[in-house]
Each structure stands twice: as C-alpha cells, then as structure tokens.
Engineer: 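Attaching a single structure in structure tokens format; questions to follow.
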Amino acid sequence: MKNIVILLSGRGSNFEAILRTARAENWEADGLRIAAVFSNRPDAKGLATARAEGLDAFAVDHKAFPTREAFEEELARQIEPYEPAVIVLAGFMRILTPGFVSRWEGKILNIHPALLPLFPGLDTHRRCIEAGCRVHGSTVHFVSAVLDGGAIIGQSVVPVMTTDTPETLAARLLPYEHKVYPKCVKAVAEGRVKLVDGRAVMDDATARELAVFYAE
C-alpha cells in the first residue's frame, strides 16, 4: 500500500476534495491510501475532519520550536514512519526550507491558484483580472526550493468574465481546483508522473487527464 500524507493549516478544502475522491473511487483497491494528516496549527479544522474520518491526525505546532529548521525536523520525524509516496500540501501555510524539500524531492505536491508560470505569489485572482486575462486557473506542481517554481504536473482552466471580482473568480475556480488536485495526487502516487531533471514526465494519456477545462 502506497501512503499519502497531507499537510494543512486550516480547514483543508483540497484535503476534503482528495478524501472524497479517494473514497468515491476506492483508491485503496488501487493500492493507495491517505495515511495521515499533519498540521502546524493544533486548532486546524482539517485535523478534526481527519479524525472524524478515522485517519491518523497530528499537530506539530510551529510556535513550539525556536527555528523553522527545528520545526521541520520534528515534522519530518513524525512523517517518516509512513514512508510517503506523496506528501500533499493542502493549504499548508508554511514555506518549506530546501532541506525539507530535498528529503522528499519529487514527492511533495502543492496547488497554486494561477496558471503558472503566470502570477506566482499572492493575490493571484486580482492580478489576473488587472492584467486583462481571459482565462485563469490553478496549477498542481512539484514543490522545489523556488516558491511556486516547481515542475508543473496538471492545470485547471476557467474563463474570466468582464464582471468578475477577485471573489467571484476565486469561487468559479475552486471546484476545478478540487477536480484537478486529486487527479494529480493519484497520478504521482501511482508513478504515472515522475520528476526527471526538473520536469514532470508523463505519457500523453496522463497529460490529457491532468488538463481540466471549464464546463458549464
């Protein structure tokens, strides 16, 4: 059985989407399971959700550690027994150091609310509207030492309306984030997508599956 470990800081709506999909598609029959959920915030709603669903769920409070490296060392110590095939950042509001990332290179995934390499960083919906883009989206990527700079695994795409605000655009995109992220997690866990020389390598069928387009 290949283990999937989730890191989150709040509710973890993407975690909930991945869990729903895993249960609906019976990932365990394919040899995949969500093994544990970790949060840097003891009061994170995602931990309560995980426990209610019978998953291992732990808090590693970053405030209890003198340095970022000390926090990550303890987090890694608790993750390691699960021997994760994939570590999924689902609203994990901590920037990981290169040391942590290199420990699981090619196994840590994140989702960013923009069509990378456009609009790395914050305020992506506002920046997209102000730039006059006609489409917007989300990008699942391998985590690297460069913020929002890892190899692209999959993307979802939605239209930008002339009447959009950052809030309406974010609301249109969110269901498509919830569609593309589980697909990417499963593909990486199954070994259909691999990080090779800084690029995400996959066959054409997988590439088609991991491109999710808006449908009314």
Engineer: Does L96 share a hydrophobic cluster with W104, counting links as ILVMFWY side-chain heavy atoms below 4.5 Å and allowing steps through other members?
Structural biologist: yes
Engineer: Do any N or O atoms from the side chain of S39 and from the backbone of P42 form a donor-acceptor pair under 3.5 angstrom?
Structural biologist: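 No; zero donor-acceptor contacts below 3.5 Å.
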Engineer: First locate atom CD1 of I111, then atom NE2 of H178, and finally report the distance between them rounded to the nearest 0.5 Å.
Structural biologist: 8.0 Å
Engineer: Using ring pair (Phe, Tyr, Trp, His ring centres under 6.0 Å), reason through H141 and H112 one step at a time and then give a plain yes or no.
Structural biologist: CA-CA 8 Å; H141 61 93; H112 180 71; 7.0 Å; no
Engineer: Test your reading of the model: is there a side-chain donor-acceptor pair from D148 to the backbone of G121, 3.5 Å cut-off?
Structural biologist: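 Looks like yes, one N/O pair under 3.5 Å.
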Engineer: Answer yes or no: is there a side-chain heavy-atom contact under 4.5 Å between Q78 and V60?
Structural biologist: yes
Engineer: Could you label the plane-to-plane angle of the Y176 and Y214 rings as parallel, tilted or perpendicular, counting under 30° as parallel and over 60° as perpendicular?
Structural biologist: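 Correct class here is tilted.
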Engineer: For the residue pair T97 / E72, report whether a side-chain donor-acceptor contact shorter than 3.5 Å exists.
Structural biologist: yes
Engineer: With a 4.5 Å limit on heavy-atom distance, are the side chains of V193 and L210 in contact?
Structural biologist: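 Counting from C-beta outward, V193 and L210 do come under 4.5 Å.
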Engineer: Describe, in one word, how the ring planes of Y82 and F58 are oriented to each other, choosing from parallel (under 30°), tilted (30 to 60°) and perpendicular (over 60°).
Structural biologist: tilted
Engineer: Is there side-chain contact between F142 and I108, with heavy atoms separated by less than 4.5 Å?
Structural biologist: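 The answer is no, as the side chains (C-beta and beyond) never meet within the 4.5 Å cut-off.
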Engineer: State which residue, out of R172, R126, R134, fulfils the salt bridge (Lys or Arg N to Asp or Glu O under 4.0 Å) condition with D164.
Structural biologist: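 That would be R172; it is the only one of R172, R126, R134 passing the salt bridge (Lys or Arg N to Asp or Glu O under 4.0 Å) with D164.
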Engineer: Are the side chain of R127 and the backbone of P120 linked by a donor-acceptor contact shorter than 3.5 Å?
Structural biologist: yes
Engineer: Tell me whether E83 at atom CD has more than 12 heavy atoms from other residues, nucleotides or ligands lying less than 6.0 Å away.
Structural biologist: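 No, CD of E83 has 12 or fewer neighbouring heavy atoms, counting only those of other groups under 6.0 Å.
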Engineer: To the nearest 0.5 Å, what is the distance between OH (Y181) and CD1 (I18)?
Structural biologist: 5.5 Å
Engineer: Distance check, rounded to the nearest 0.5 Å: T124 atom OG1 versus L115 atom CG?
Structural biologist: 9.5 Å
Engineer: Do F119 and L169 sit in the same hydrophobic cluster, where Ile, Leu, Val, Met, Phe, Trp and Tyr count as joined when their side-chain heavy atoms come under 4.5 Å apart?
Structural biologist: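 In one cluster: no.
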Engineer: Going by an N to O cut-off under 4.0 Å, is there a salt bridge joining D30 and K2?
Structural biologist: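 Not counted as a salt bridge, because no side-chain N and carboxylate O are separated by less than 4.0 Å.
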Engineer: Starting at OG1 of T206, measure out to CD1 of I153 and round the result to the nearest 0.5 Å.
Structural biologist: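 One finds 12.0 Å between OG1 of T206 and CD1 of I153.
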Engineer: Do R94 and R68 come within less than 4.5 Å of each other through their side chains, counting heavy atoms only?
Structural biologist: yes
Engineer: Is the closest side-chain heavy-atom distance between K107 and V86 below 4.5 Å?
Structural biologist: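 A side-chain contact under 4.5 Å is absent here.
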Engineer: Using only heavy-atom distances, determine whether the side chains of S138 and S156 contain a donor-acceptor pair under 3.5 Å.
Structural biologist: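 The criterion, which ignores hydrogens and geometry beyond distance, is satisfied for S156 and S138.
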Engineer: Do F100 and I79 make a side-chain contact, defined as non-hydrogen atoms from C-beta onward lying under 4.5 Å apart?
Structural biologist: yes
Engineer: As an exercise, state the distance from CG of L47 to CD1 of I6, rounded to the nearest 0.5 Å.
Structural biologist: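 So the gap between those two atoms works out to 12.0 Å.
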Engineer: Are V101 and L116 linked, directly or through intermediate hydrophobic residues, by side-chain heavy-atom contacts shorter than 4.5 Å (ILVMFWY only)?
Structural biologist: no
Engineer: Between atom CG of L55 and atom OG1 of T49, what is the distance when rounded to the nearest 0.5 Å?
Structural biologist: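 If we round to the nearest 0.5 Å, L55:CG and T49:OG1 are 10.0 Å apart.
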Engineer: Examine L109 and M202 and state if one hydrophobic cluster contains both, with Ile, Leu, Val, Met, Phe, Trp and Tyr joined whenever side-chain heavy atoms are less than 4.5 Å apart.
Structural biologist: yes
Engineer: Only one of K186, R192, K183 forms a side chain to side chain donor-acceptor pair (under 3.5 Å) with E209, so which one is it?
Structural biologist: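 The option that passes is R192.
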Engineer: Should V180 and V157 be regarded as members of a common hydrophobic cluster, given that ILVMFWY residues are connected when their side-chain heavy atoms come within less than 4.5 Å of each other, either directly or indirectly?
Structural biologist: no
